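Note that the coordinates shown come from a computational prediction; the quantities given were computed from them, not determined experimentally. Scope of the values below: all heavy atoms of this structure, side chains included, with no hydrogens, waters or symmetry mates.
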Amino acid sequence: MMTLLDALAATSEAATLKHLASVTELHPSTAHRILAAMTAARFVERQDAGTYRLGIRLLELGNLVKSRINVREIALPFMQELHETIGEAINLGARYDDEIVYIERTSSGRALVRVVYLVGGRAPLHLTSLGKLFLAADSSQQVRDYAKRTGLPGKTPRSLTTLATLEKELDKVRRHGIAYDDEEAEIGLKCLAAPIYDEEGHIVAALSVSAPADRHDPAWVPQVRKAADAISHALGYSGIKK
């Protein structure tokens, strides 16, 4: 698949199956089968003449990667400032399918505090304050579909493992614009998070502060919200969802 994508990228015009099989040294039937799968996934576009070119899905994914890289770069100074103010770990996460992925993190700077999720770490959406913000932006049907796909696995006795409890929690998130993790991913660790929006008003990332339960302070909400709003503004969000 990768050699075929590289071959298509190196060809300015639409390419024939014969050309692609020759360049990649794949058997024509093998190349045809892989191209058919990529066409179905919109990574490749098949034209009427039986030729192939790169598909629109690659552009969509490229723009998605670009937006998240920009979010990280823009967010980092605000994260560092928030970290200096609060003194606890600040996390930046983005949604990838049914998981939250941590794309940046500031260290808590305090000894004996175990890091639950490092940069690049993943967690189910419903187990984290960051992920709940993305679920809260989904429709009721999308939330039900998520619950059905994942089965809502839990990690602690506090984890939300039923659709009813998750929907109740998401209703609070929608009303307050803030999400919490009350020792749901790790006993002894609490988090609170605020959403980050792009210029269109779509949630593209979320910012959270995580701390041991005995140090967690709900009074951090205005500071976390202010930092997330500042990042959203830097991304072009005017406060109006288009």
Mind checking whether [X] and [Y] have side chains closer than 4.5 Å, heavy atoms only?
X	Y	result
Leu76	Gln80	yes
Val143	Leu163	yes
Ser159	His126	no

With clusters defined by side-chain heavy atoms of hydrophobic residues (ILVMFWY) lying less than 4.5 Å apart, directly or transitively, does [Y] cluster with [X]?
X	Y	result
Val221	Met79	yes
Met2	Val44	yes
Leu59	Leu54	no

Find the distance between [atom1] ([X]) and [atom2] ([Y]) and round it off to the nearest 0.5 Å.
X	Y	atom1	atom2	answer
Ser210	Ile90	OG	CD1	7.5 Å
Glu73	Ile103	CD	CD1	10.5 Å
Ile34	Leu4	CD1	CG	5.5 Å
Leu82	Lys226	CG	NZ	10.5 Å
Gln47	Tyr52	CD	OH	11.0 Å
Glu183	Asp181	CD	CG	8.5 Å

Closest heavy-atom contact between [X] and [Y]?
X	Y	value
Ala227	Leu207	CB-CD2, 3.6 Å
Glu184	Leu127	O-CD2, 3.8 Å
Gly93	Ile100	C-CD1, 4.1 Å
Pro153	Thr161	C-CG2, 4.2 Å

Mind running salt bridge (charged side-chain N to carboxylate O under 4.0 Å, His left out) on Asp138 and Arg95 for me, showing each step along the way?
-> CA-CA 12 Å; Asp138 282 349; Arg95 180 177 186 169; 3.0 Å; yes

Note: Asp171-Arg175 ion pair, threshold 4.0 Å (strictly below) = yes

Any donor-acceptor N/O pair, [X] side chain to [Y] backbone, under 3.5 Å:
X	Y	result
Lys132	Tyr180	yes
Thr156	Arg158	yes
Tyr96	Arg122	no
Arg174	Ala136	yes
Ser22	Lys18	no
Thr150	Leu152	yes
Thr3	Thr24	no

Determine whether more than 12 heavy atoms belonging to other residues, nucleotides or ligands lie under 6.0 Å from atom [atom1] of [X].
X	atom1	result
Glu81	CD	no
His19	NE2	yes
Gln141	CD	yes
His176	NE2	yes

Worked verdict on Asn91 versus Ser208 for side chain to side chain donor-acceptor pair (under 3.5 Å) = CA-CA 5 Å; Asn91 312 288; Ser208 75; 3.0 Å; yes

May I ask you to decide if the ring planes of Tyr197 and Tyr237 are parallel, tilted or perpendicular, using 30° and 60° as cut-offs?
-> tilted

